[in-house]
Number of protein chains: 2
Amino acid sequence: MRRKEGTGVPTIYDVARECGVAPSTVSRALSQPGRVSAATSERIHDVAAKMGYQANPLARYLPTGRTETIVLIVSDIANPVYFPVIRGAEQAAAAAGYTLVLSDIDESPDRERQVMEKLVRTVDGFALATSRLSDAAIRAIARRRPMVTMNRVTQQVPSVVPDNEQGMRHAAEHLAELGHRRVTYVAGPQASWANTVRWRSLRAVGEQLGFKIRRIGPYAPTVSGGWAAAADLVTWGQRSGSGGRAGTGAPRATTTAVIAYNDLLAIGAIQGLTDVGLTVPRDVSVVGCDNILGSDWCTPALTTLAAPLRELGAASVRHLVAMIAGSDTRPRRPVVLPSQLIVRESTAAPRPA
Amino acid sequence: MRRKEGTGVPTIYDVARECGVAPSTVSRALSQPGRVSAATSERIHDVAAKMGYQANPLARYLPTGRTETIVLIVSDIANPVYFPVIRGAEQAAAAAGYTLVLSDIDESPDRERQVMEKLVRTVDGFALATSRLSDAAIRAIARRRPMVTMNRVTQQVPSVVPDNEQGMRHAAEHLAELGHRRVTYVAGPQASWANTVRWRSLRAVGEQLGFKIRRIGPYAPTVSGGWAAAADLVTWGQRSGSGGRAGTGAPRATTTAVIAYNDLLAIGAIQGLTDVGLTVPRDVSVVGCDNILGSDWCTPALTTLAAPLRELGAASVRHLVAMIAGSDTRPRRPVVLPSQLIVRESTAAPRPA
DNA sequence: GTGAAAGCGCTAACAG
DNA sequence: CTGTTAGCGCTTTCAC
């Protein structure tokens, strides 16, 4: 393992020799402007540029332990809800001089744990978009590296979340104004904190409004999960031969309105309902959550709860960067961002019984 | 910078001391099974586990230079077309024991260059999903690190691409069968290789079929780009006060069929066309490319060219991993994967003039 | 089979 | 302001 001269890429030793200075001077000139005389500094920069010198990041990180990299972990990259989150995070990271790497765990807590375990020593911090881990597991990693969570509140871990309570209130009131009394919550993954909070908020608000509230699921937070939910949302009359499925009568929805954990589920439910011959919103109103790309081009266009996703990503990364820098400006309590109900065409008054 | 005892995480020195062996033995026991006696090896593993020892990846990478990480660069993470590509790549990477990190460059060649420059020393290889760089720039990086490109053919750089020629032929023949004679290609980014190839293929096939072919654009490969294209696709009659826009007559499409660079553009075009009062497919047929999530839930459901995206990602990563491993099984020529036309509802016979 | 020791390339005391 | 010198934690010869 003797240092091979001229083999491959130049190091500070090479440019030091070329300039007739010590390697440490090169290091200083290149990374601590001002700690070296202008003349030598300039010469070093020139020679370095001429030789095509570029610091070996691995070597640079070893002594300091800092990689200027943070990782954003999303539970399912195939969910458009993350686009704005990612964009916001990227922008904030770039602004702070950090490289953002993205990791997708495909809804698997095991993969999430693996990824974090593998990365914990090589990144400066973690931003979790929608963790599927237990609070304890999250806290364990948070003790080893700065971390901020989104859509999730865990004791002792800074977080930024959309205002689910307020959002659910808006959605429920919208339905109430339309005249609905029976609403069904279509649940997403049990490991999802947002799922729990949304259901809890909806139930609370629903009781105040005098709704008959129920929950079905959990379902995968995907379009096909929505189809499955749709199947569970209808009953079939007993009269046979009426043109429906063999031996069964016409389909009937068991609810007049549904609120789904997310837009994908809502869109799938609309498709499934439509497929059995029901009409949205005439037979059943449906509202989604997230306002994803495409929620405006499905038919009927989806009424949905929009969270400030881009800001969610950006704010999280800003906090994370501050934590890494060691500042103690980090919020002691969750940062709550307002949600907004976007009314489109998938909700309407229930038809008279 | 003296080594601090007991401060923080355990190193091989700590477990070596604890076991009464040399650090090098610990290293061997942990990474080169068989080069250490079974007894000591077992003891070392036990102690390491007990102490919660985990190798410092940074330190491990320094001497070897290998990080067991590859990066997948996509031009725009907000384009659903990448979902399957990413999934395929992830799976192949995981299967080979590599960590895949994802990087989004937001359609910016500058950002792409920056990202690659920053990562070139810290990753073992590059997979470029849809590079916006020049051939020369790509080759420059490819000389420094193993690389494979998708949707792009560059001399001397292994690549895997969908069969654009065959795909465009399918699309054109479909339109011809429907009775179309005038087709307009709605172009995407000029820096996109696929854009160039699709247009060229379409033009060639179109000539064979006796089409009147033209191209408009370039447009941003997004839904709003599609709206812009739609605006360029219609003319307004001169009769005023006919209920259209102030001072203008009814809108008329300048073509009977359009093929768009991608689905986002196609969907935006449908929206824009519909917005001015035209009907798809009655007034104009539109076909997209990619078969993205949501292309089946827009109205009308999009006829589109589907590439084997998941396999695109997986095959690329498999080749990349082989290159990193130093094998020379890498393909000398582009790997071409078949495309498939998915006929839905956005195409129909043109209406009689 | 195991230990000693020399790096990997850079940073950061500590002198001068 | 600049040179000297230890490391960062691990891998890998080279001996024994």
Side-chain angles (χ1 to χ4, degrees), chain A residues 1-45 47-48 51-68 118 120-122 124, chain B residues 1-45 47-48 51-68 118 120-122 124:
Chain A
M1 299 194 87
R2 201 150 299 284
R3 182 178 298 130
K4 40 219 165 190
E5 306 259 337
T7 292
V9 288
T11 71
I12 41 172
Y13 292 91
D14 298 318
V15 352
R17 193 177 336 104
E18 194 73 13
C19 292
V21 299
S24 54
T25 303
V26 175
S27 171
R28 274 191 288 257
L30 263 23
S31 47
Q32 308 185 45
R35 309 253 301 102
V36 163
S37 82
T40 35
S41 178
E42 188 179 350
R43 191 152 44 89
I44 290 173
H45 275 95
V47 172
M51 299 179 74
Y53 168 81
Q54 278 177 294
N56 178 336
L58 257 29
R60 160 141 51 195
Y61 303 151
L62 220 210
T64 62
R66 305 194 52 235
T67 59
E68 285 156 11
K118 173 148 191 190
V120 70
R121 304 286 293 273
T122 49
D124 292 348
Chain B
M1 301 194 82
R2 200 149 301 284
R3 182 178 296 129
K4 39 220 170 201
E5 305 259 338
T7 292
V9 288
T11 70
I12 42 173
Y13 292 91
D14 298 316
V15 352
R17 193 175 338 101
E18 194 73 12
C19 291
V21 299
S24 52
T25 303
V26 175
S27 171
R28 274 190 287 257
L30 263 24
S31 46
Q32 309 184 45
R35 308 254 300 103
V36 163
S37 82
T40 35
S41 178
E42 188 178 352
R43 191 152 44 89
I44 290 173
H45 274 97
V47 172
M51 298 179 77
Y53 168 80
Q54 279 178 293
N56 178 337
L58 257 28
R60 158 140 53 193
Y61 303 151
L62 221 209
T64 62
R66 304 197 51 236
T67 58
E68 286 157 11
K118 174 151 191 190
V120 70
R121 306 286 293 272
T122 50
D124 292 349

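All chains are named by letter (A, B, ...) in the order of the sequence lines, taking the proteins before the strands, and each is independently numbered beginning at 1.
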With no angle test and no hydrogens, is the base of [N] tied to the side chain of [X] by a donor-acceptor pair under 3.5 Å?
| X | N | answer |
| --- | --- | --- |
| S31(A) | dT11(C) | no |
| S24(B) | dA4(C) | yes |
| Y13(B) | dC10(D) | yes |

So how far is it from [X] [atom1] to [Y] [atom2], rounded to the nearest 0.5 Å?
| X | Y | atom1 | atom2 | answer |
| --- | --- | --- | --- | --- |
| S41(A) | H45(A) | OG | NE2 | 5.0 Å |
| R43(B) | E18(B) | CZ | CD | 10.5 Å |
| I12(B) | C19(B) | CD1 | SG | 12.0 Å |

Of the candidate nucleotides [options], which contains the atom at the shortest distance from the side chain of [X]?
| X | options | answer |
| --- | --- | --- |
| A55(A) | dT12(D), dC10(C), dA12(C) | dC10(C) |
| T25(A) | dC8(D), dG3(D), dC8(C) | dG3(D) |
| P63(B) | dT4(D), dG7(C), dA4(C) | dG7(C) |

May I have the distance from [X] (atom [atom1]) to [N] (atom [atom2]), rounded to whole angstrom?
| X | N | atom1 | atom2 | value |
| --- | --- | --- | --- | --- |
| D14(A) | dC10(C) | CG | P | 9 Å |
| E68(A) | dT11(C) | CD | P | 10 Å |
| L58(B) | dT11(D) | CG | C1' | 15 Å |
| R17(B) | dT2(C) | CZ | P | 20 Å |
| N56(B) | dT11(D) | CG | P | 10 Å |
| Y61(A) | dG9(D) | OH | P | 18 Å |
| R66(B) | dC8(C) | CZ | C1' | 16 Å |
| R60(B) | dC8(D) | CZ | P | 18 Å |

Residues of residues 37-44 of chain B with any non-hydrogen atom less than 4.0 angstrom from an atom of DNA chain C: list those, numerically ordered, please.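 Residues of residues 37-44 of chain B that come under 4.0 Å of DNA chain C are, in numerical order, S37(B), T40(B).
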Indicate whether OP1 or OP2 belonging to dT11(C) is found under 4.0 Å from a side-chain N or O atom of S27(A). yes
Among residues at least two apart in sequence or on other chains, which ones pass side-chain contact (heavy atoms from CB on, under 4.5 Å) with Q32(B)?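 If we apply the side-chain contact (heavy atoms from CB on, under 4.5 Å) test to Q32(B), skipping adjacent residues, the hits are R28(B), R35(B).
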Can you name the atoms? Protein N/O to nucleotides 14-16 of chain C N/O, anything below 3.5 Å, with the distance.
none

Name all residues meeting the side-chain hydrogen bond (donor to acceptor under 3.5 Å, both in side chains) criterion together with [X]; count only those two or more places apart in sequence or in a different chain, and write none if there are none.
| X | answer |
| --- | --- |
| S27(B) | none |
| S37(B) | T40(B) |
| S24(B) | none |

Give the minimum heavy-atom separation between [X] and [Y], together with the two atoms involved.
| X | Y | result |
| --- | --- | --- |
| E68(B) | D124(B) | N-OD2, 2.7 Å |
| A16(B) | A22(B) | CB-C, 3.8 Å |
| K118(A) | T122(A) | O-OG1, 4.0 Å |

Nearest-nucleotide comparison on DNA chain C, the residue closer to the 5′ end among G20(B) and A59(B): G20(B)
For P23(B) and L62(B), find the nucleotide of DNA chain C closest to each by heavy atoms; which residue's nucleotide sits nearer the 5' end?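 Its nucleotide being nearer the 5' end, the pick is P23(B).
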What donor-acceptor contacts under 3.5 angstrom involve side-chain atoms of residues 52-66 of chain B, with partners at least two apart or in another chain?
residue, atom, partner, partner atom, Å
Q54(B), NE2, E117(A), OE2, 3.1
N56(B), OD1, L58(B), N, 2.8
N56(B), OD1, A59(B), N, 3.4
T64(B), OG1, R60(B), O, 3.3
T64(B), OG1, Y61(B), O, 3.4
T64(B), OG1, R66(B), N, 3.2
R66(B), NH2, Y98(B), OH, 2.8

Could you check V36(A), V26(A), V47(A) and say which one makes a side-chain contact (heavy atoms from CB on, under 4.5 Å) with V21(A)? V26(A)
Difference in axis direction between the ends of the helix from dG1(C)-dC16(D) to dG16(C)-dC1(D), five pairs, 10°: 40°
